[in-house]
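Input: a single structure, listed below in structure tokens.
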There are 2 protein chains.
Amino acid sequence: MQQKKDTPLRSDAQRNRERILEVALAELTCSADAPLSAIAKKAGVGQGTFYRHFPNREALVLEVYRYEVQQLAETAAQLLETRAPDRALREWMDRFAQYSMAKAGLADALGKATARGTLAALGHGPVTAAITLLLDANEEAGTIRPGVTPDDFVLAIAGLWQIDPHSDWQPRAGRLLDLVMDGLRAGAPGAGARG
Amino acid sequence: MQQKKDTPLRSDAQRNRERILEVALAELTCSADAPLSAIAKKAGVGQGTFYRHFPNREALVLEVYRYEVQQLAETAAQLLETRAPDRALREWMDRFAQYSMAKAGLADALGKATARGTLAALGHGPVTAAITLLLDANEEAGTIRPGVTPDDFVLAIAGLWQIDPHSDWQPRAGRLLDLVMDGLRAGAPGAGARG
DNA sequence: GAACCTAACGGACAGCTGTCCGTTTAACAA
DNA sequence: TTGTTAAACGGACAGCTGTCCGTTAGGTTC
């Protein structure tokens with residue numbers, strides 16, 4: 001979806017891309033499943049152009065919410081500064097859940113983005129980096145079992161994508177994340193196996 | 001999707017339903033994402049008829065693989081007879097993963113079926129019953145933390161739906177299920193917090 | 001400023017899902 | 001049998017996604 005760095009976007013392409021994102025943000029905020037064709041039309045571009053910029057819905061949504069994703073990623077480092085690694089990890093999971101549920105459609109997009117074997121759509125995006133950071137800190141501190149990969153982690157919290165953001169998701173998500181956290185702690189070389 | 005018991009299917013409807021299932025098994029075995037319209041046509045029924053019997057893809061797949069699902073459910077009780085509850089649970093998870101991955105498209109269908117807040121499509125199906133059975137046995141034996149619901153469990157293993165069945169799924173699934181199992185064990189009143 | 005080249009464009013198109021509605025026909029009663 | 005009724009039928013239709021390909025127009029070079 002992205003250009004190689006050595007061939008920057010042509011000026012008209014750049015304009016189109018930005019107009020699409022602008023319209024998409026508005027439309028997606030109204031309704032998470034706004035038809036892509038409508039977005040293309042409102043942005044004044046053809047179907048072909050649209051799909052060249054964003055080959056599928058996820059690509060679009062990820063880009064629209066890029067700022068939010070960025071923020072989420074940066075939160076990881078901040079949490080690690082002020083808290084014990086395991087607390088940081090657990091709180092970051094909560095933030096993760098919040099972001100996913102708050103922005104309509106973001107959960108779906110993140111889910112599908114990581115789906116089917118590759119977490120390539122995130123990968124190596126800022127989120128993966130954040131996860132790595134947190135896992136490494138915890139492994140070093142001995143607060144989680146050694147050898148957990150970002151892939152393992154994403155699979156473990158995948159249940160989040162099953163939760164309806166319009167429902168009362170907090171308790172379900174909380175229970176899931178607690179369970180995962182305990183799973184991660186099991187086998188840790190450090191102190192207790194429980195939180 | 002199902003008739004109420006007091007209004008049995010009309011004979012022609014019954015025939016159609018069975019013809020659809022017959023064709024669907026064949027088609028889905030070839031290609032997991034065989035177009036529903038093609039199945040309808042091969043079965044010699046109209047679109048409308050088709051969608052009245054099976055309102056969406058998942059409904060069809062679940063029914064096609066009903067036998068397999070049934071088997072999976074029954075396995076739970078059998079495992080509990082010959083093994084410690086926690087071993088039974090863990091092994092059942094493996095079977096679960098195997099069934100999901102083996103039958104093309106079944107994973108997708110199970111995933112979507114449980115998706116979005118309700119596990120109504122399984123619910124209260126045989127699978128939910130099997131899960132309940134296993135969880136109860138473990139809770140009673142003190143091998144897992146108390147209070148885990150089938151919903152919790154399904155969310156926890158939801159990562160399975162993210163795994164591509166065509167890939168080398170075994171190690172990834174194994175790691176995921178180990179993690180979940182450890183999470184379940186954490187906080188158990190019984191002996192060790194690890195397996 | 002003219003000519004060239006290729007990235008980018010746009011819209012037609014194909015394939016899919018799920019809905020709607022007028023028509024048919026099985027089931028049952030008289 | 002014949003008549004009645006509502007369940008079931010079938011196919012047209014609408015909406016969506018993603019692809020394809022002939023056309024347009026930026027950027028660049030001379």
Side-chain angles (χ1 to χ4, degrees), chain A residues 1-21 23-24 27-28 30-64 104-105 108-109 111-113 115-116 121, chain B residues 1-21 23-24 27-28 30-64 104-105 108-109 111-113 115-116 121:
Chain A
M1 156 192 79
Q2 216 71 304
Q3 295 294 306
K4 292 191 174 181
K5 270 293 165 57
D6 53 8
T7 59
L9 275 180
R10 225 169 64 178
S11 61
D12 57 339
Q14 182 62 33
R15 276 196 302 278
N16 278 329
R17 180 187 171 79
E18 273 161 19
R19 216 165 44 250
I20 291 174
L21 282 173
V23 172
E27 293 293 303
L28 289 177
C30 286
S31 157
D33 50 1
L36 300 186
S37 51
I39 296 177
K41 179 170 283 184
K42 278 207 180 184
V45 305
Q47 302 276 68
T49 302
F50 183 90
Y51 281 100
R52 206 166 323 100
H53 281 290
F54 306 100
N56 51 51
R57 187 178 213 89
E58 299 91 80
L60 176 66
V61 175
L62 282 180
E63 201 56 25
V64 166
D108 258 7
K112 286 193 183 156
R116 298 285 111 167
Chain B
M1 154 191 80
Q2 217 70 303
Q3 295 294 305
K4 293 190 171 183
K5 270 292 166 58
D6 53 7
T7 59
L9 275 180
R10 224 168 66 178
S11 61
D12 57 340
Q14 182 63 34
R15 276 196 302 278
N16 277 329
R17 180 187 171 78
E18 274 162 17
R19 213 164 48 248
I20 290 174
L21 282 173
V23 172
E27 293 293 303
L28 289 177
C30 288
S31 157
D33 50 1
L36 300 185
S37 52
I39 295 177
K41 179 170 284 184
K42 277 207 180 183
V45 304
Q47 302 276 68
T49 301
F50 183 90
Y51 281 99
R52 207 166 322 100
H53 282 290
F54 306 100
N56 51 51
R57 187 178 213 88
E58 298 92 80
L60 176 66
V61 175
L62 282 180
E63 200 56 25
V64 165
D108 257 7
K112 285 193 182 155
R116 297 286 110 167

Pairwise distance [atom1]([X]) to [atom2]([Y]) - rounded to 0.5 angstrom:
X: B:Asp12; Y: B:Arg19; atom1: CG; atom2: CZ; answer: 9.5 Å
X: B:Leu21; Y: B:His53; atom1: CG; atom2: NE2; answer: 9.0 Å
X: A:Ile39; Y: A:Leu28; atom1: CD1; atom2: CG; answer: 4.5 Å

Between [N] ([atom2]) and [X] ([atom1]): distance, integer Å:
X: A:Tyr51; N: D:dC21; atom1: OH; atom2: P; result: 18 Å
X: B:Arg19; N: D:dC9; atom1: CZ; atom2: P; result: 9 Å
X: B:Arg17; N: D:dA7; atom1: CZ; atom2: P; result: 17 Å
X: B:Gln14; N: D:dA7; atom1: CD; atom2: C1'; result: 14 Å
X: A:Arg52; N: D:dT23; atom1: CZ; atom2: C1'; result: 12 Å
X: A:Arg15; N: D:dA25; atom1: CZ; atom2: C1'; result: 11 Å
X: B:Leu60; N: C:dC16; atom1: CG; atom2: C1'; result: 15 Å
X: B:Phe50; N: D:dA8; atom1: CZ; atom2: P; result: 17 Å

Sugar-phosphate, base or nothing in reach of B:Thr49, heavy atoms under 4.0 Å:
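Answer is base: heavy atoms of B:Thr49 come under 4.0 Å of a base.
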
Please lay out, stage by stage, how A:Arg17 and A:Glu63 fare under the test side-chain contact (heavy atoms from CB on, under 4.5 Å).
CA-CA 11 Å; A:Arg17 180 187 171 79; A:Glu63 201 56 25; 3.2 Å; yes

Nearest to the [X] side chain among [options], which nucleotide is it?
X: A:Ala13; options: D:dA8, D:dT17, C:dC9; answer: C:dC9
X: B:Asn16; options: D:dA8, C:dG18, C:dG10; answer: D:dA8
X: B:Ser37; options: C:dC16, D:dG27, C:dC9; answer: C:dC16
X: A:Gln47; options: C:dA12, D:dG26, C:dG18; answer: C:dA12
X: A:Asn56; options: D:dC16, D:dG18, C:dC16; answer: D:dG18
X: A:Arg10; options: D:dT17, D:dA8, C:dA7; answer: C:dA7
X: A:Val45; options: C:dT17, C:dG10, C:dA27; answer: C:dG10

Return the 5'-most residue of the pair B:Asp12, B:Ala38 with respect to DNA chain C, ranking by each residue's nearest nucleotide.
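Closest to the 5' end, via its nearest nucleotide, is B:Ala38.
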
What pair of heavy atoms forms the shortest contact from B:Gln47 to B:Ala40, and how long is it?
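Where B:Gln47 meets B:Ala40 most closely, the heavy atoms are OE1-CB, 4.0 Å.
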
Has B:His53 got a side-chain N or O lying under 4.0 Å from the OP1 or OP2 atom of D:dC9?
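Checking D:dC9 against B:His53, a side-chain N or O does come within under 4.0 Å of OP1 or OP2.
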
